[in-house]
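Presented below is the structure to which this report refers.
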Amino acid sequence: MGAQFGQYWQLTKPRVVALIVFTAFVGMFMAVPGLPPLRQSVFGFIGIWLAAASAAAINHLIDQRIDKVMVRTADRPLATGALRPAQVLAFAVFLGALSMAILVALVNPLTALLTFASLIGYAIVYTGFLKRATPQNIVIGGIAGAAPPLLGWAAVTGMQNEWDWAHALLLVLIIFVWTPPHFWALAIFRREDYARALVPMLPVTHGVQYTRWQILLYTVLLVAVTILPWAVGMSGLFYLGGALVLGLVFLWNAWKLMDPPDEFFAMRVFNYSVVYLMALFAFLLVDHWLLPFLQPSPVFELQRAR
Ligand code: HEM
Ligand SMILES: CC(C)=CCC/C(C)=C/CC/C(C)=C/COP(=O)(O)OP(=O)(O)O
């Protein structure tokens with residue numbers, strides 16, 4: 001019984017989804033001055049978490065053949081036969097339906113709609129089609145993974161005006177630009193897995209050196225877009241300082257990856273990407289609480305007046 005629970009838990013990709021819901025959580029706090037409304041934030045958080053977990057389980061279902069062939073994923077519940085496809089499907093539908101019921105009844109229909117679109121975007125559009133079709137798979141598919149700050153924002157505001165959309169989409173843009181360096185660093189290290197599974201990831205189709213250039217270019221873009229929250233008055237100098245330090249370390253890593261000391265360096269860049277995003281969003285959050293004390297801006301006054 002305990003072992004079965006562990007297999008179902010693994011289906012939800014708990015660590016990836018933990019960072020996803022953290023970015024949604026930060027979106028909720030960035031959306032309003034002070035504390036977000038309790039009911040919408042608690043049930044929004046649970047609903048987004050359940051939807052992401054459902055999408056992850058569907059990814060396991062659709063990727064069975066690939067996961068069996070790749071060393072990194074060969075121990076997954078469907079690849080080993082620990083769970084049957086029907087069990088995984090039932091689990092994913094249950095999580096997805098519960099998520100939608102919670103979001104519609106206790107948050108708002110817009111959040112339910114946007115969350116459902118993200119679920120389909122990742123589980124069906126990315127996993128079922130893009131992943132197998134083009135080396136730009138993760139760039140386009142990254143939109144679904146980047147959506148959670150918008151989902152969190154929608155949960156607590158219902159998206160009242162264009163300020164809400166502009167600010168929330170800025171956070172989405174950051175994760176969208178972060179995704180290629182995050183994933184391609186891992187894909188360089190795991191390229192033989194992808195080649196064996198016939199998945200057209202960039203290091204397989206265009207080679208390692210080309211992929212390293214792409215990582216470097218996206219990292220430069222990432223540092224630029226992470227300045228925007230400060231530039232538009234959404235965040236203060238505390239955030240800007242944190243974002244620049246984190247960004248320069250990322251850039252230095254991406255630069256070093258052009259001529260890496262060893263084969264494992266790509267995995268170090270990948271691991272850093274995870275720490276980077278977690279820390280960047282933590283800076284956004286802390287800065288948001290400090291902002292009224294440090295640097296009241298016209299935009300903040302405008303939000304507070306709402
Ligand atoms: C299309 C977009 C994305 C792709 C293709 C992708 C791909 C991957 C892959 C292949 C792994 C390795 C997983 C494993 O070994 O089990 C991974 C790990 C991870 N990803 Fe992503 N990712 C994407 C988006 C995201 C997003 C949006 C987040 C969070 C905001 C995220 C957070 C993480 C974390 C935290 C890990 C580490 C998991 C661990 O340590 O076990 N990823 N990602
Ligand atoms: C509703 C909502 C917010 C949805 C977000 C969905 C979600 C769980 C996104 C995570 C992105 C991710 C882990 C991609 C890797 O898939 P992969 O198949 O390339 O990696 P794998 O080989 O490890 O399975």
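Just so it is clear, the structure is predicted and the values come from calculations on it, not from any experiment. Atoms within each ligand, like the ligands themselves, are counted from 1 in listed order.
Every atom of ligand 1 is numbered from 1 in the order shown, and the set under 4.0 Å from a heavy atom of G142 is 1 (C).
Ligand 2 is approached by A52 to a heavy-atom distance shorter than 4.0 Å. Under the 4.0 angstrom criterion for non-hydrogen atoms, F270 is in contact with ligand 1.
Atom 27 (C) of ligand 1 has its closest protein heavy atom at G145 O, 3.1 Å. Distance from atom 5 (C) of ligand 2 to its nearest protein heavy atom, with residue and atom name: I20 CD1, 4.1 Å. Annotation: atom 39 (C) of ligand 1 to nearest protein heavy atom, R15 NE, 3.1 Å. Distance from atom 15 (O) of ligand 1 to its nearest protein heavy atom, with residue and atom name: R72 NH1, 3.3 Å. Looking only at heavy atoms of the protein, atom 20 (O) of ligand 2 is closest to K13 NZ, 3.9 Å. For atom 37 (C) of ligand 1, the closest non-hydrogen atom on the protein side is V274 CG2, 4.1 Å.
Between R72 and D193 there is no salt bridge, since none of the side-chain N atoms of the basic residue sits less than 4.0 Å from a carboxylate O of the acidic one.
Checked against a 3.5 angstrom limit, the closest N/O atoms of Y122 and ligand 2 fall inside it. Among the atoms of Y126, some N or O lies under 3.5 angstrom from an N or O of ligand 2.
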